Q: 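Mind looking over this structure? Questions follow.
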Amino acid sequence: MKLRSAVGGPAFPPTGPLVASVRARFVHVSAPTRSDHVFLHRNTEDNNESIKFEFNAEYAKKAKEIIAKYPSQYKKAAVIPLLDLGQRQHGFTSISVMNHVAQLLEMPPMRVYEVATFYTMFNRNPVGKYFLQVCTTTPCQLCNANSILETVEKHLGIKVGETTEDKLFTLVEVECAGACSNAPVLAVNDDYYEDLTPETTIKILDALKAGKKPAKLGPQSSRLTSEPITGLTTLTTEPTGPGYALQKELQ
């Protein structure tokens with residue numbers, strides 16, 4: 001049997017059953033994974049609308065200063081910094097924090113909920129005093145970030161997404177901490193600890209357990225900020241002054 005092509009071209013013989021003569025296209029898909037965030041609010045003992053929240057005097061002053069930066073008709077643009085203030089005062093972004101921000105900015109609460117559920121920087125459930133974020137994106141993975149994550153889990157006795165019984169530490173895994181040249185990286189609240197090894201990671205955790213802030217922020221190696229780990233290769237001499245290599249006539 002011969003078949004004629006759909007565009008009227010020459011006939012061609014089938015190579016097998018008629019159904020098999022049509023090539024199947026295979027599309028590769030990643031395995032589905034569940035998010036570690038729940039975007040629906042569910043009342044809990046620690047997070048429900050009956051728990052009142054208002055900015056204290058210190059944070060109310062800061063909120064007022066932030067709102068003043070925007071035209072009165074656009075003050076809702078302050079929603080992100082005000083949510084951040086609420087989280088810093090309350091410890092996490094509860095439903096009451098969101099409602100208070102909505103009231104201050106004269107916004108529908110739903111608009112505030114939309115912002116708070118979009119940005120992962122807002123923790124909508126209680127977290128420990130020290131919020132540990134271990135970066136496991138490609139540059140950190142290549143620098144053995146998994147060993148840092150495993151060290152934290154083993155040393156604190158918790159898994160990713162859990163909080164220690166004493167409420168001191170909460171551990172999460174994050175995508176790109178933005179310090180790729182100093183990988184692997186651990187963020188503790190607002191502080192970054194870089195160039196980590198399992199040994200330096202344990203020292204940081206032990207200092208925090210003892211109520212002390214680790215003496216050294218940033219790279220835990222010998223380098224300064226994000227300079228090359230093997231030392232400088234450029235800009236190794238004193239910079240030249242104004243007029244260097246300028247034609248004499250132009251000086």
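Note that the coordinates shown come from a computational prediction; the quantities given were computed from them, not determined experimentally.
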Q: Tell me the closest heavy-atom pair linking Asn47 and Ile95, and the distance in Å.
A: OD1-N, 2.9 Å
Q: Using atom types as modelled, flag every donor-acceptor pair under 3.5 Å from a side chain in residues 102-112 to any protein atom, sequence neighbours excluded.
A:
residue: Arg111; atom: NH1; partner: Glu114; partner atom: OE1; Å: 3.2
residue: Arg111; atom: NH1; partner: Glu114; partner atom: OE2; Å: 3.1

Q: Walk me through it: do Leu196 and Thr151 pass the test side chain to side chain contact (heavy atoms under 4.5 Å, CB included)?
A: CA-CA 11 Å; Leu196 292 171; Thr151 297; over 6 Å; no
Q: Distance check, rounded to the nearest 0.5 Å: Leu82 atom CG versus Met98 atom CE?
A: 14.0 Å
Q: Just wondering, do Thr225 and Asn182 contact through their side chains at under 4.5 Å, heavy atoms?
A: no
Q: Any non-hydrogen side-chain atom of Val174 less than 4.5 Å from a side-chain atom of Val134?
A: no
Q: Roughly how far, to the nearest 0.5 Å, is the CG atom of Asp84 from the CD atom of Gln89?
A: 12.0 Å
Q: Side-chain contact, heavy-atom cut-off 4.5 Å: Glu153 with Ile158?
A: no
Q: Would you mind reporting whether Pro219 and Leu224 have side-chain heavy atoms less than 4.5 Å apart?
A: no
Q: Might you point out which heavy atoms bring Ile51 and Glu45 nearest each other, and give the distance in Å?
A: CD1-O, 3.5 Å
Q: Partners of Thr93 by side chain to side chain donor-acceptor pair (under 3.5 Å), sequence neighbours excluded?
A: Gln87
Q: If you group Ile, Leu, Val, Met, Phe, Trp and Tyr by side-chain heavy-atom gaps below 4.5 Å, do Met121 and Val115 land in one group?
A: yes
Q: Hey, any chance Val160 and Ile202 share a hydrophobic cluster, counting ILVMFWY side chains that come within less than 4.5 Å of each other, even indirectly?
A: no
Q: Given the rule in the ring-ring contact (aromatic ring centres under 6.0 Å, His included) test, do Tyr113 and His41 qualify, once you have shown the distances and angles that lead to the verdict?
A: CA-CA 9 Å; Tyr113 304 160; His41 172 74; 7.9 Å; no
Q: Which atom pairs, one a donor and one an acceptor, fall under 3.5 Å between side chains of residues 183-190 and the rest of the protein, sequence neighbours left out?
A:
residue: Asn189; atom: OD1; partner: Phe131; partner atom: N; Å: 2.9
residue: Asn189; atom: ND2; partner: Lys129; partner atom: O; Å: 3.2
residue: Asp190; atom: OD1; partner: Arg88; partner atom: NH2; Å: 3.4
residue: Asp190; atom: OD2; partner: Arg88; partner atom: NH1; Å: 2.8
residue: Asp190; atom: OD2; partner: Arg88; partner atom: NH2; Å: 3.4

Q: Answer yes or no: is there a side-chain heavy-atom contact under 4.5 Å between Gln141 and Asn146?
A: yes
Q: Which residues pass the side chain to side chain donor-acceptor pair (under 3.5 Å) test with Ser96, not counting sequence neighbours?
A: none
Q: Would you list the pairs meeting salt bridge (charged side-chain N to carboxylate O under 4.0 Å, His left out) in which at least one residue belongs to residues 131-142, sequence neighbours left out?
A: none
Q: For a quick test of reading the model, state the closest non-hydrogen atom pair linking Asp166 to Thr164 and the distance between them.
A: OD1-OG1, 2.6 Å
Q: Measure the shortest side-chain to side-chain distance between Glu173 and Gln133 over non-hydrogen atoms and say whether it is less than 4.5 angstrom.
A: no
Q: Rounded to the nearest 0.5 Å, what separation is found between the CG atom of Asp46 and the OG atom of Ser94?
A: 10.0 Å
Q: Mind checking what makes side chain to side chain donor-acceptor pair (under 3.5 Å) contact with Thr170, not counting sequence neighbours?
A: Thr163
Q: Do Val101 and Phe92 share a hydrophobic cluster, counting only Ile, Leu, Val, Met, Phe, Trp and Tyr and linking them when any side-chain heavy atoms are less than 4.5 Å apart?
A: no
Q: Working to the nearest 0.5 Å, report the span between OG1 of Thr240 and CG of Leu246.
A: 11.0 Å
Q: So how far is it from Thr44 OG1 to Asn125 CG, rounded to the nearest 0.5 Å?
A: 6.5 Å
Q: Could you pull out all donor-acceptor pairs under 3.5 Å where a side-chain atom in residues 205-213 meets a protein atom, sequence neighbours excluded?
A:
residue: Asp206; atom: OD1; partner: His155; partner atom: NE2; Å: 2.7
residue: Lys213; atom: NZ; partner: Asp191; partner atom: OD2; Å: 3.2

Q: Determine the minimum heavy-atom distance between Glu194 and Ala179, stating which atoms define it.
A: OE2-CB, 4.0 Å
Q: Output side-chain donor-acceptor pairs under 3.5 Å for residues 54-75, partner residues at least two apart or in another chain, one line each.
A:
residue: Asn56; atom: OD1; partner: Glu58; partner atom: N; Å: 3.2
residue: Asn56; atom: OD1; partner: Tyr59; partner atom: N; Å: 2.9

Q: Does anything in residues 156-193 pair up under ring pair (Phe, Tyr, Trp, His ring centres under 6.0 Å), and if so which pairs, sequence neighbours excluded?
A: Tyr130-Phe169
Q: Sequence neighbours left out, what pairs pass salt bridge (charged side-chain N to carboxylate O under 4.0 Å, His left out) with at least one residue falling in residues 228-242?
A: none
Q: Check Glu49 against Asn43 and note the closest heavy-atom contact, atom names and distance.
A: N-OD1, 4.2 Å
Q: What is the minimum heavy-atom distance between Ala177 and Cys135, and which atoms define it?
A: N-SG, 3.6 Å
Q: Given side chains that start at C-beta, do those of Leu83 and Ile80 come closer than 4.5 Å, heavy atoms only?
A: no
Q: Tracing side-chain links under 4.5 Å among I, L, V, M, F, W and Y, which residues wind up in one group with Leu142?
A: none
Q: Any chance you could measure Thr233, atom OG1, to Glu227, atom CD, to the nearest 0.5 Å?
A: 10.5 Å
Q: Any side-chain heavy-atom pair from Glu162 and Leu171 closer than 4.5 angstrom?
A: no
Q: Would you please name every residue forming a side chain to side chain donor-acceptor pair (under 3.5 Å) with Ser221, sequence neighbours left out?
A: Asp195
